[in-house]
Student: 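Okay, here's the structure, questions in a sec.
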Amino acid sequence: MLDIRFVRENPEKVKEALKKRGYEVDFNEFLELEQSRLTLLKEIESKRALRNSVSQEIAKIKAKDGKIDEALIAQMRNLSNELKLLDERLKEIEQKVESFLLFIPNIPHHTVPLGKDENDNVEVRRWGKPPKFDFEPMPHWQIGEILDIIDFERAGKIAGSRFAVMKGLGAKLERALINFMIDLHVSKGYREVLPPFLVNKEAMIGTGQLPKFEEDLFKVSDPEFYLIPTAEVPVTNLHKDEILSEDDLPIYYVSYTPCFRREAGSYGKDVRGLIRQHQFNKVELVKFVKPEDSYDELESLTKDAEEVLQRLGLHYRVVSLCTGDLGFAASKTYDIEVWIPTQGRYREISSCSNFEDFQARRANIRFRRRGKKGTEYVHTLNGSGLAIGRTVVAILENYQQKDGSVVIPEALRAYVGVDIIR
RNA sequence: GGAGAGGUGGCCGAGUGGUUUAAGGCGGCGGUCUUGAAAACCGCUGUAGGGUUUAAUCCCUACCGGGGGUUCGAAUCCCUCCCUCUCCGCCA
């Protein structure tokens with residue numbers, strides 16, 4: 001959420017910034033609402049002040065055995081009734097203002113490249129080289145079926161499309177990757193967190209999934225919960241409504257969770273294989289930092305995610321998302337894209353973002369500086385470190401052998417327990 | 001699922017209709033004392049919004065788990081929801 005005062009006082013700046021995202025917003029109605037909200041607020045506050053002072057007078061008279069003027073009481077009764085009506089009107093306006101702001105995306109950082117869609121994203125760097133094959137490489141789903149470690153057919157039977165069953169060393173590989181990544185990040189100073197996979201509506205609003213993207217989420221009713229689409233939601237909201245001390249910052253968390261996504265509107269995209277699933281595993285990095293540090297923290301967060309791929313020996317590139325491709329809550333995002341041989345292109349395996357105070361304002365996460373009065377919002381960041389399913393895809397495809405077996409990357413062998421899956 | 005007890009500032013904790021502008025304590029900040037520190041003592045110390053001043057300031061409003069109600073007036077009374085704890089039952 002953007003700062004209401006900033007929007008009120010700089011509507012042109014906000015409008016200009018959002019235009020870069022391809023976002024046209026009409027601020028006229030908002031500005032009118034704000035105007036009437038402030039006018040009404042002043043009226044209500046002065047009437048409340050009057051009511052409070054008269055009530056206090058009454059208390060004093062009563063204490064001194066005095067008699068209360070019935071006419072005065074009647075007058076105050078009217079004032080109270082009037083206030084009730086005004087309060088209702090104010091609440092209506094406030095709700096409109098609030099919901100307007102909840103639907104406004106974050107402002108892009110000035111270093112974010114201008115652009116319309118993913119074609120305008122800018123490559124920042126590459127690491128490693130794509131593997132060379134002296135045979136025709138197979139897509140991962142075929143490898144998975146031949147080795148009997150991924151079962152899409154039976155997953156369809158028990159759940160439906162966009163689900164997979166991992167079996168044998170496939171299941172072990174998945175579990176090994178989770179442990180490998182968590183261990184690596186913990187060694188870098190991240191604290192491991194295992195949160196609930198179901199959260200309430202407030203948490204979803206806090207990180208920005210709601211109210212705008214309800215159709216992307218799985219929801220259960222009675223009682224009402226949402227399935228998390230990423231660990232970002234429970235982990236960022238860990239500190240919802242808290243005032244942290246400056247000494248607590250920065251806070252680094254690493255969290256493994258399954259992620260649940262409706263994938264509404266992606267019919268026909270990546271229908272085969274593990275790339276796009278309704279449920280997938282992910283190890284996520286989350287940071288809470290001081291505002292002046294957040295862009296350095298974004299760089300180091302991205303490097304921490306990259307290190308996973310480096311240790312696995314997987315070729316990748318990092319792209320800076322352009323203004324038009326930026327997510328709703330993000331100010332700046334680096335995507336890490338891993339090389340997928342059978343597709344002849346790079347696919348997103350991690351997305352690292354700085355949200356500045358956008359989520360902190362929604363979730364009300366603040367901190368106090370030593371010796372200073374008042375509070376400030378923290379900056380929140382997160383990034384996949386990494387998406388497990390897509391890492392499995394990358395390993396199967398990049399490490400496949402002519403005989404159909406798959407070599408396990410060195411760094412992972414202690415976790416999987418074998419050197420090769422055949 | 002049944003029965004009961006609770007939810008108060010950064011933390012602990014008092015407060016059942018009107019000097020409570022939320023007692024007291026802890027923590028934090030500043031000061032006195034001290035070679036320095038500790039201890040002791042003194043003072044200050046919640047958040048948010050609106051207004052005001054050149055500014056430091058000052059004024060007003062809201063907030064005692066959320067929402068609603070009663071009342072001139074609610075932390076306090078009523079309704080409702082959420083959460084925590086204890087006991088019983090069930091259970092991985």
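To find a chain, count down the sequence lines: A is the first, B the second, and so on, and within it residues start at 1.
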Student: Between rG27(B) and rC79(B), how far is it from one P atom to the other, in whole Å?
Tutor: 41 Å
Student: Would you measure the distance from the C1' atom in rG9(B) across to the matching atom in rU21(B) and give it in whole Å?
Tutor: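 One C1' to the other, the span is 15 Å.
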Student: Which residue pairs pass the salt bridge (charged side-chain N to carboxylate O under 4.0 Å, His left out) test with at least one member in residues 13-25 of chain A, sequence neighbours excluded?
Tutor: none
Student: Can you list everything that forms a salt bridge (charged side-chain N to carboxylate O under 4.0 Å, His left out) with E88(A)? Sequence neighbours excluded, please.
Tutor: none
Student: Looking only at atom P, what distance separates rC91(B) and rC83(B), rounded to whole Å?
Tutor: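 Pairwise P distance, rC91(B) against rC83(B), rounds to 24 Å.
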Student: What integer number of Å spans the C1' atoms of rA3(B) and rG18(B)?
Tutor: 38 Å
Student: Just N and O in the side chain of R368(A): are any of them under 4.0 Å from OP1 or OP2 of rU47(B)?
Tutor: yes
Student: Taking only the C1' atom of each, what is the distance from rC33(B) to rA40(B) in whole angstrom?
Tutor: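 Approximately 9 Å lies between the C1' atom of rC33(B) and that of rA40(B).
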Student: Roughly how many Å apart are rG6(B) and rC64(B), using the C1' atom of each and rounding to a whole number?
Tutor: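 Result for the C1' pair: 14 Å, nearest Å.
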Student: Between E246(A) (CD) and rC29(B) (C1'), how many Å, whole number?
Tutor: 14 Å
Student: Please determine whether a side-chain nitrogen or oxygen atom of R77(A) lies at a distance below 4.0 Å from atom OP1 or OP2 of rC72(B).
Tutor: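 Yes, because at least one side-chain N or O of R77(A) sits under 4.0 Å from OP1 or OP2 of rC72(B).
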Student: Provide, to the nearest angstrom, the distance between the CZ atom belonging to R361(A) and the P atom belonging to rU47(B).
Tutor: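 Computing the R361(A):CZ to rU47(B):P distance gives 17 Å.
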Student: Between L40(A) (CG) and rU61(B) (C1'), how many Å, whole number?
Tutor: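 One finds 13 Å between C1' of rU61(B) and CG of L40(A), rounded.
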Student: Whole Å only: how far is the CD atom of E376(A) from the P atom of rU47(B)?
Tutor: 13 Å
Student: Using atom P in both nucleotides, what's the gap between rG13(B) and rC26(B) to the nearest angstrom?
Tutor: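 Going atom to atom, P in each nucleotide, I get 15 Å.
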Student: Do Y377(A) and D3(A) pass the side chain to side chain donor-acceptor pair (under 3.5 Å) test, and can you show the C-alpha distance, the side-chain angles, and the key distance before you say yes or no?
Tutor: CA-CA 11 Å; Y377(A) 289 108; D3(A) 179 14; over 6 Å; no
Student: Counting only side-chain heavy atoms from C-beta out, which of rG18(B), rG10(B), rA62(B) sits nearest to R51(A)?
Tutor: rA62(B)
Student: According to the interplanar angle, ranging from 0 to 90°, do the rings of Y295(A) and H109(A) count as parallel (below 30°), tilted (30 to 60°) or perpendicular (above 60°)?
Tutor: parallel
Student: Please set out all donor-acceptor pairs under 3.5 angstrom arising from side-chain atoms of residues 404-420 of chain A, sequence neighbours excluded.
Tutor:
unit_1, atom_1, unit_2, atom_2, d
S405(A), OG, D403(A), OD1, 2.6
R413(A), NE, I408(A), O, 2.8
R413(A), NH2, I408(A), O, 3.1
Y415(A), OH, D183(A), OD2, 2.7

Student: For D335(A), which residues count as a side-chain hydrogen bond (donor to acceptor under 3.5 Å, both in side chains) partner, sequence neighbours excluded?
Tutor: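 For D335(A), the residues satisfying side-chain hydrogen bond (donor to acceptor under 3.5 Å, both in side chains) (neighbours in sequence not counted) are S351(A).
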Student: Is the shortest side-chain N/O distance from N52(A) to OP1 or OP2 of rG73(B) below 4.0 Å?
Tutor: no
Student: Assign K84(A) to base, sugar-phosphate, or nothing according to its heavy-atom contacts below 4.0 angstrom with the strands shown.
Tutor: sugar-phosphate
Student: Starting at atom CG of L83(A), determine the distance to atom P of rA74(B), rounded to an integer number of angstrom.
Tutor: 11 Å
Student: Using atom C1' in both nucleotides, what's the gap between rG89(B) and rC81(B) to the nearest angstrom?
Tutor: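 Each nucleotide's C1' atom is 25 Å from the other's.
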Student: Assign each of S80(A) and R48(A) to its nearest nucleotide of RNA chain B by heavy atoms, then name whichever residue's nucleotide is nearer the 5' end.
Tutor: R48(A)
Student: Which side-chain N or O atoms in residues 196-214 of chain A pair as donor and acceptor under 3.5 Å with protein atoms at least two apart or in another chain?
Tutor:
unit_1, atom_1, unit_2, atom_2, d
N200(A), OD1, E202(A), N, 3.3
N200(A), OD1, A203(A), N, 3.0
T207(A), OG1, A203(A), O, 3.1
T207(A), OG1, Q209(A), OE1, 2.7
K212(A), NZ, Y23(A), OH, 2.1
E214(A), OE2, Y226(A), OH, 3.0

Student: Not counting sequence neighbours, which residues clear side-chain hydrogen bond (donor to acceptor under 3.5 Å, both in side chains) with D247(A)? List them please.
Tutor: R370(A)
Student: What does S46(A) touch in the nucleic acid at a heavy-atom separation under 4.0 angstrom: a base, only the sugar-phosphate, or nothing?
Tutor: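 Touches nothing.
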Student: Just to verify, what does D26(A) make a side-chain hydrogen bond (donor to acceptor under 3.5 Å, both in side chains) with, not counting sequence neighbours?
Tutor: N28(A)
Student: In this structure, how many angstroms lie between the P atom of rA62(B) and the CG atom of L90(A), rounded?
Tutor: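 Computing the L90(A):CG to rA62(B):P distance gives 13 Å.
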Student: Using the 3.5 Å cut-off, write out each protein N or O paired with an N or O of nucleotides 75-83 of chain B and the distance between them.
Tutor:
none

Student: For S53(A) and R366(A), find the nucleotide of RNA chain B closest to each by heavy atoms; which residue's nucleotide sits nearer the 5' end?
Tutor: R366(A)
Student: Are F100(A) and F30(A) close enough that their ring centers fall under 6.0 Å?
Tutor: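 Between F100(A) and F30(A), the centre distance is under 6.0 Å.
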Student: Sequence neighbours excluded, which residues qualify as salt bridge (charged side-chain N to carboxylate O under 4.0 Å, His left out) partners of E43(A)?
Tutor: K47(A)
Student: Is there any protein nitrogen or oxygen under 3.5 Å from a nitrogen or oxygen in nucleotides 49-52 of chain B, and what are the pairs?
Tutor:
unit_1, atom_1, unit_2, atom_2, d
rG49(B), N2, E45(A), OE1, 3.1
rG49(B), N2, E45(A), OE2, 3.2
rG50(B), OP1, R8(A), NH1, 3.4
rG50(B), OP1, R8(A), NH2, 2.9
rG50(B), OP2, R5(A), NH1, 3.3

Student: Check R361(A) with D357(A), please: is the shortest side-chain N to carboxylate O separation under 4.0 Å?
Tutor: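 A salt bridge links D357(A) with R361(A).
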Student: From the options rC72(B), rU61(B), rA48(B), select the nucleotide whose nearest atom is closest to the side chain of A49(A).
Tutor: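 That would be rU61(B).
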Student: Roughly how many Å is it from CD in Q95(A) to P in rG67(B), rounded to a whole number?
Tutor: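 Computing the Q95(A):CD to rG67(B):P distance gives 12 Å.
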Student: Sort by first number and list every stem of RNA chain B: at least 3 consecutive Watson-Crick or G-U wobble pairs, both distances under 3.5 Å.
Tutor: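 So far as stems of 3 or more pairs are concerned, RNA chain B shows B:1-7 with B:82-88, B:10-12 with B:24-26, B:27-32 with B:40-45, B:46-51 with B:58-63, B:65-69 with B:77-81.
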Student: Which residues satisfy the salt bridge (charged side-chain N to carboxylate O under 4.0 Å, His left out) test with E242(A), sequence neighbours excluded?
Tutor: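 Expected list: none.
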